[in-house]
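Single-structure report; data block below.
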Number of protein chains: 2
Amino acid sequence: MSLKVMSIGTVKELTGLTERQIRYYEDRQLVFPERSNGGARKFSFEDVELLKEIHRKLKDGFHTFELRKGLSKTYDRRGGSARH
Amino acid sequence: MSLKVMSIGTVKELTGLTERQIRYYEDRQLVFPERSNGGARKFSFEDVELLKEIHRKLKDGFHTFELRKGLSKTYDRRGGSARH
DNA sequence: CGTGTAAGGAATTCTGACACG
DNA sequence: CGTGTAAGGAATTCTGACACG
């Protein structure tokens, strides 16, 4: 589902990341949540997978600016074929 | 997805229902959202479909207590067969 | 019965900043 | 660079109640 429906608190639980990390990844242009009228971020399930992938890459030594090009095509996660 | 991830505000947008209606349907035991630590309701996409179905049935003249048994098997929604 | 609303409180989320390194 | 935190404000959601019918 690519529908942006969950708030950062839910994403925090699903990903294990902190709000700080999630917001930072958005700041770095790696995820693009929508906003509610009040300004609250809304994420999709795809975003959740993407965020987990981002964090994994960062732990592997990558930097946010390196992930910006090509990661959005790679959040395959379940199969082997990255197809990038 | 049966993962309970969205708050009532999002459900309100997706269903077109008011918070009052959504809470009432829960009170009537027709939907079973989870709760966040703070007590906020969390709904799944399935719940969203169910809520829409509930509201449709009510408009058709059914009462909440009548829907309690058998609706969860009927949220067909896309086909025409009402099957009541 | 199903739904609207005003009421007050509690939890959530937001931004910008200082910090470390 | 990536992340932690304290700070104050704004938006969200909660419950119980009164209302109509």
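All heavy atoms count here, side chains included; hydrogens, waters and symmetry mates do not.
Atom CD in B/Glu26 sits roughly 11 Å away from atom C1' in D/dC14 (whole-Å rounding). Rounded to whole angstrom, the span from the CG atom of B/Asp27 across to the C1' atom of C/dG2 amounts to 11 Å. Atom CD1 in A/Ile22 sits roughly 14 Å away from atom C1' in C/dC14 (whole-Å rounding). Atom pair B/Phe62:CZ and C/dG2:C1' shows a separation of 16 Å (rounding to whole Å applied). We find that CZ of A/Arg35 is positioned 8 Å from C1' of C/dC14, with the value rounded to whole Å. B/Arg28 has its CZ atom 13 Å from the C1' atom of C/dT3, to the nearest Å.
Counting non-hydrogen atoms under 4.0 angstrom, B/Tyr25 reaches the backbone sugars and phosphates but no base.
Residue B/Asp27 qualifies as enclosed at atom CG: its count of foreign heavy atoms under 6.0 Å is above 12.
At least one donor-acceptor pair closer than 3.5 Å links the side chain of B/Asp47 to the backbone N or O of B/Ser44.
By the 4.5 Å heavy-atom criterion applied to side chains, A/Ile22 and A/Arg41 are not counted as neighbours. Side-chain atoms of B/Arg28 and B/Leu67, non-hydrogen and from C-beta on, never get closer than 4.5 Å to each other. In this structure, B/Leu50 and B/Leu30 have side chains that are not in contact, with every pair of non-hydrogen atoms separated by 4.5 Å or more.
Screening residues 6-63 of chain A for ring-ring contact (aromatic ring centres under 6.0 Å, His included), with sequence neighbours left out, gives A/His63-A/Phe65.
Partner of B/Glu26 under the salt bridge (Lys or Arg N to Asp or Glu O under 4.0 Å) criterion, out of B/Lys42, B/Arg20, B/Arg35: B/Arg35 alone.
Look at B/Tyr24 and you'll find a side-chain N or O under 4.0 angstrom from OP1 or OP2 of C/dG2.
Look at C/dA7: its Watson-Crick or wobble partner, with both distances under 3.5 angstrom, is D/dT15. Using the Watson-Crick or G-U wobble rule with both distances under 3.5 Å, C/dG2 pairs with D/dC20.
Mapping A/Phe43 and B/Phe65 onto DNA chain C by nearest heavy atom places B/Phe65 at the nucleotide closer to the 5' end.
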A correct 5'-to-3' footprint of nucleotides 8-13 of chain C, with B, S and - meaning base, sugar-phosphate only and no protein heavy atom under 4.0 Å, is ---SSS
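Nearest heavy atoms, B/Gly61 versus B/Glu66: O-OE1, 4.2 Å.
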Determine, stepwise, if the pair B/Arg23 / B/Ile8 fulfils side-chain contact (heavy atoms from CB on, under 4.5 Å). CA-CA 9 Å; B/Arg23 295 201 184 101; B/Ile8 199 164; 3.8 Å; yes
Filtered N/O pairs between nucleotides 5-7 of chain C and protein, under 3.5 Å:
unit_1 : atom_1 : unit_2  : atom_2 : d
C/dT5  : O4     : B/Arg20 : NE     : 3.3

